[in-house]
**Q** 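One structure coming up, written as structure tokens, with questions to follow.
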Amino acid sequence: MIKVVTKNPEETVELGIKLGEILKEPIVILLDGSLAAGKTTFTKGLAKGLGIKQIVNSPSYTIMKHYPNDNLDLYHLDLYRLDGLGEDFDLEEYLYDAVVVIEWPFQVEELLPKEHLLIKINKTGDNTREFTFIPKGDKYKGVLKCLD
Ligand SMILES: Nc1ncnc2c1ncn2[C@@H]1O[C@H](COP(=O)(O)OP(=O)(O)O)[C@@H](O)[C@H]1O
Ligand SMILES: [Mg+2]
């Protein structure tokens, strides 16, 4: 487990870039934090770090956005509004050959893979955020080295 504090949105983007730059294999990242915690801001950086040129915006109204990429593709999911959507939502489709980032993941707790990187984000002030990185499964422990 690693904790990192950011003092403004730019530092959160930088943190995302750092992680994105070292990812070489598919990974599921769960972003757990309240509204405006910085989940989407972090994902913008992550996409940049992966080499994606498109601007990442909140996928709230579409649930999922796909960003094709030479390196690893990114699937960015926001499940905040999943409740009203019926049952034809199949998480499995995206999970295993890309970087999959899920905002509000616990809407589908039973569908989540056991191995994932959980990132908890706490708002500790107007502009400060505390990130806690918790790898679930051995596979993901190595990715945290870039944050030391
Ligand atoms: N340290 C910080 N990291 C990230 N966002 C911050 C930070 N400080 C202030 N903010 C603001 O908080 C908001 C975060 O929004 P967003 O990333 O969309 O959150 P979420 O996706 O968690 O709802 C933005 O308005 C951003 O400017
Ligand atoms: Mg968001």
Side-chain angles (χ1 to χ4, degrees), residues 1-23 26-69 71-136 140 143-148:
M1 189 181 93
I2 287 186
K3 282 189 194 274
V4 178
V5 172
T6 66
K7 297 192 193 69
N8 52 57
E10 293 74 27
E11 284 190 14
T12 294
V13 171
E14 283 301 322
L15 185 62
I17 290 175
K18 260 193 190 174
L19 180 61
E21 280 178 344
I22 61 109
L23 293 178
I27 183 172
V28 176
I29 299 172
L30 309 184
L31 295 180
D32 183 26
S34 57
L35 272 178
K39 300 180 294 297
T40 299
T41 304
F42 180 83
T43 307
K44 285 175 192 283
L46 190 84
K48 239 183 175 175
L50 286 168
I52 291 165
K53 302 280 185 289
Q54 260 175 288
I55 304 291
V56 167
N57 289 310
S58 176
S60 282
Y61 295 94
T62 52
I63 299 296
M64 189 279 289
K65 282 191 183 169
H66 176 203
Y67 299 88
N69 188 26
N71 178 19
L72 288 162
D73 283 17
L74 171 67
Y75 288 91
H76 183 198
L77 286 81
D78 183 328
L79 305 183
Y80 189 66
R81 289 186 176 74
L82 192 63
D83 267 2
L85 277 176
E87 281 140 33
D88 58 350
F89 177 74
D90 186 7
L91 190 60
E92 295 271 319
E93 276 179 45
Y94 315 122
L95 287 183
Y96 298 109
D97 58 0
V99 174
V100 180
V101 173
I102 310 179
E103 300 190 28
W104 301 101
F106 300 115
Q107 296 275 61
V108 294
E109 192 148 17
E110 63 286 358
L111 298 180
L112 298 172
K114 296 276 174 295
E115 299 225 323
H116 56 252
L117 173 61
L118 174 62
I119 306 177
K120 292 188 179 179
I121 312 175
N122 278 321
K123 273 203 254 184
T124 48
D126 280 350
N127 295 305
T128 54
R129 304 289 188 267
E130 185 188 63
F131 287 75
T132 308
F133 295 80
I134 307 160
K136 297 283 168 84
Y140 292 159
V143 304
L144 298 191
K145 286 192 191 116
C146 73
L147 306 173
D148 278 341

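Remember, it's 1-based here, ligands and their atoms both numbered in the order they're listed.
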**Q** Between CG of Leu35 and OH of Tyr80, what distance do you get to the nearest 0.5 Å?
**A**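 It is 4.5 Å, given to the nearest 0.5 Å.
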
**Q** Quick one: look at Thr12 and ligand 1, take heavy-atom pairs under 4.0 Å, and tell me if it's side chain, backbone, both or neither.
**A**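 Within the 4.0 Å criterion, Thr12 contacts ligand 1 through side-chain atoms alone.
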
**Q** Test of understanding: given a 4.0 Å heavy-atom threshold, classify the contact between Ser58 and ligand 1 as side chain, backbone, both, or neither.
**A**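 For Ser58, no heavy atom sits under 4.0 Å from ligand 1.
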
**Q** Could you name the option among Arg129, Lys44, Glu11, Lys7 that has the heavy atom nearest to atom 11 (C) of ligand 1?
**A**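 Ranked by closest heavy atom to atom 11 (C) of ligand 1, first place is Arg129.
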
**Q** If you count heavy atoms of other groups shown closer than 6.0 angstrom to NZ of Lys44, is the number above 12?
**A**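 Yes, the 6.0 Å shell around NZ holds more than 12 heavy atoms from other groups.
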
**Q** Distance below 4.0 Å between atom 2 (C) of ligand 1 and any protein heavy atom?
**A**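 Given the 4.0 Å limit, the answer for atom 2 (C) of ligand 1 is yes, a protein heavy atom qualifies.
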
**Q** Thr41 heavy atoms, cut-off 4.0 Å: which ligand 1 atoms fall inside?
**A**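 Reading through ligand 1 atom by atom, the close ones are 14 (C), 15 (O), 16 (P), 17 (O).
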
**Q** Please determine if the Mg ion (ligand 2) has an N/O/S atom from Glu103 lying under 2.8 Å away.
**A**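 For Glu103, the answer is yes, given that an N, O or S atom comes within less than 2.8 Å of the Mg ion (ligand 2).
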
**Q** May I ask which of Thr40, Leu15, Leu35 has a heavy atom nearer to atom 18 (O) of ligand 1 than the others do?
**A**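 Result: the heavy atom closest to atom 18 (O) of ligand 1 is in Thr40.
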
**Q** Below 4.5 Å, heavy atoms only, C-beta onward: do Thr43 and Glu103 meet side chain to side chain?
**A**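 In short, these two side chains touch, coming nearer than 4.5 Å.
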
**Q** Is the distance between the Mg ion (ligand 2) and the nearest N/O/S atom of Thr40 smaller than 2.8 Å?
**A**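 Checking Thr40: at least one N, O or S atom is under 2.8 Å.
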
**Q** Is it true that Pro9 lies under 4.0 Å from ligand 1, counting heavy atoms only?
**A**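 Yes; Pro9 lies near enough to ligand 1 that a heavy-atom distance drops under 4.0 Å.
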
**Q** Within ligand 1, which atoms have a heavy atom of Asn127 less than 4.0 Å away?
**A**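 Under 4.0 Å from Asn127, ligand 1 has these atoms: 1 (N), 2 (C), 7 (C), 8 (N), 9 (C).
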
**Q** With the threshold set at under 4.0 angstrom, would you say Ile121 reaches ligand 1 through any of its heavy atoms?
**A**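 For ligand 1, residue contact (heavy atoms, under 4.0 Å) with Ile121 is absent.
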
**Q** Can you tell me which residue and heavy atom of the protein come closest to atom 14 (C) of ligand 1, and the distance to 0.1 Å?
**A**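 Closest protein heavy atom to atom 14 (C) of ligand 1: Ala36 O, 3.4 Å.
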
**Q** Show which atoms of ligand 1 fall inside a sub-4.0 Å distance from at least one heavy-atom site of Asp126.
**A**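 Answer, ordered by atom number: 8 (N), 9 (C).
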
